[in-house]
Amino acid sequence: MKPVSLIQFLIEERRAGHINAELSLLIEVVARACKRIAVATSKGALGGVLGNAGSDNVQGEAQKKLDVISNEILLEANAWGGHLAACASEEMEDPQPIPDMYPKGNHLLLFDPLDGSSNIDVNISVGTIFSVLRCPEDVVQPKVEDFLQPGTRQLAAGYVVYGPATLLVLTFGHGTHEFTLDREVGSFMLSRRDIRIPEQTGEFAINMSNQRHWEAPMQRYVSELLAGKEGPRGKDFNMRWVASMVADVHRIVTRGGVFFYPLDAKIRAQGGKLRLMYEANPMAFIVEQAGGAATTGRERILELQPTGLHQRVPVFLGSRGEVEVATRYHREADVAYA
Ligand code: AHG
């Protein structure tokens with residue numbers, strides 16, 4: 001089969017009527033920015049990019065130098081192309097307008113510039129996650145409320161994993177596709193078209209150290225997995241937890257599995273750990289387009305009406321069979337206690 005570059009793929013998608021020229025340009029620009037982030041992350045200590053930046057982000061978390069660098073790379077790359085009305089980043093409190101000197105487009109870009117940044121200093125995979133929405137008509141200077149659209153309205157979503165290889169996984173709502181960065185040529189090349197996540201799995205990802213804080217249905221579900229062949233599920237399960245959502249999701253997109261960041265007593269007041277607009281929505285779109293499922297344990301993530309740019313939600317996603325069992329346990333418990 002002849003190799004297909006990201007640019008060729010985008011042209012095919014335009015011809016198929018799945019995207020327009022502006023969205024195609026937007027994805028090219030994001031992919032180019034991510035190549036620069038890949039270069040920065042790969043320098044490690046030699047590039048002086050490890051460690052804390054000495055600042056906190058909007059979530060009150062200590063920013064790593066690479067969080068700040070990656071955010072700047074994405075903002076700078078997207079400012080002048082004329083394809084965006086505004087950007088929003090997990091690292092910034094408010095949306096970033098497009099400077100007046102540049103033309104504006106009809107799209108809104110949201111991103112988590114460097115997800116899993118606690119892993120940078122220990123040389124474990126990190127990633128970038130992004131989501132694209134249409135800017136509401138007649139809005140010239142988008143405000144927070146213009147970004148608060150349910151995930152079903154995403155026009156595109158993707159992530160880039162900076163691992164042993166740099167990979168881009170992308171959806172426009174017509175399947176999920178993977179591209180591998182050819183470092184010599186400098187191009188993302190199509191490596192898997194129409195990825196399918198197996199419906200059943202024997203592998204789950206969760207931070208078990210939070211077990212004692214989980215809600216009762218989560219305790220029940222995971223204890224049944226841990227009971228293995230001898231328990232009610234009648235089979236053994238394996239566990240993995242990278243603590244970089246991109247890496248954990250990429251494993252699921254590659255060989256199946258299920259990922260949970262459930263609600264727990266420590267994070268109940270903030271609604272969850274992961275951010276709806278920067279993490280849950282784009283990953284849910286990618287996973288659903290690959291045949292998987294994504295819920296909060298109660299509702300389909302993509303149907304949530306966002307209430308804030310930095311809103312957090314519980315996340316259950318991956319192989320449909322396991323997401324459905326865990327979600328059913330939560331719904332049954334809610335009915336029993338109603
Ligand atoms: P951040 O972008 O702040 O580094 O957050 C990482 C996220 C996500 O990538 C990962 O799945 C999760 O936080 C890990 O959380 P724990 O450290 O609680 O396991």
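Ligands are counted one by one from 1 in listed order, and the atoms in each one are counted from 1 as well. Just the heavy atoms: all of them, side chains too, but no hydrogens, waters or symmetry mates, feed the values below. From a predicted model like this one, the values you see are computed outputs, not experimental measurements.
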Problem set entry | For atom 13 (O) of ligand 1, closest protein heavy-atom neighbour | K273 CE, 3.2 Å
Exercise. Has ligand 1 got any nitrogen or oxygen that is less than 3.5 angstrom from a nitrogen or oxygen of S117?
Worked result: yes
Seminar exercise, completed: Quick note on ligand 1: atoms under 4.0 Å from a heavy atom of S244 include exactly 9 (O)
Exercise. Where is the nearest protein heavy atom to atom 18 (O) of ligand 1: which residue, which atom, and how far?
Worked result: Y261 OH, 2.6 Å
For this session: May I ask which of M283, R275, M245 has a heavy atom nearer to atom 5 (O) of ligand 1 than the others do?
Result: R275
For this session: Could you give me the CA-CA distance, side-chain angles and deciding distance for N119 and S244, then say whether side chain to side chain donor-acceptor pair (under 3.5 Å) is met?
Result: CA-CA 7 Å; N119 278 324; S244 277; 2.8 Å; yes
Exercise. Do K273 and D264 sit within salt-bridge range, that is, some charged N less than 4.0 Å from a carboxylate O?
Worked result: no
Exercise. Who are the salt bridge (Lys or Arg N to Asp or Glu O under 4.0 Å) partners of R36, not counting sequence neighbours?
Worked result: E76
Exercise. Is any side-chain N of the basic residue among D112 and R275 closer than 4.0 Å to the acidic one's carboxylate O?
Worked result: no
Exercise. Can you find a non-hydrogen atom of L274 under 4.0 Å from ligand 1?
Worked result: yes
For this session: Flag the pair D248 and R251 as a salt bridge only when some basic side-chain nitrogen lies within less than 4.0 angstrom of an acidic carboxylate oxygen.
Result: yes
Exercise. What protein heavy atom is closest to atom 10 (C) of ligand 1, reported as residue, atom name and distance in Å?
Worked result: A243 O, 3.6 Å
Exercise. Should V169 and M245 be regarded as members of a common hydrophobic cluster, given that ILVMFWY residues are connected when their side-chain heavy atoms come within less than 4.5 Å of each other, either directly or indirectly?
Worked result: yes
Seminar exercise, completed: Numbered in order shown, the ligand 1 atoms found under 4.0 Å of a heavy atom of N207 are 16 (P), 18 (O), 19 (O)
For this session: Quick one: look at V246 and ligand 1, take heavy-atom pairs under 4.0 Å, and tell me if it's side chain, backbone, both or neither.
Result: neither
Exercise. Thinking salt bridges, do R220 and E224 make one under a 4.0 Å N-O criterion?
Worked result: yes
Problem set entry | D112: numbered ligand 1 atoms lying under 4.0 Å from its heavy atoms | 2 (O)
Problem set entry | Salt bridge flag under 4.0 Å for residues E28 and R14 | no
Exercise. Just distances here: any N/O of G116 and N/O of ligand 1 closer than 3.5 Å?
Worked result: yes
For this session: Determine whether any heavy atom of D115 lies closer than 4.0 Å to an atom of ligand 1.
Result: yes
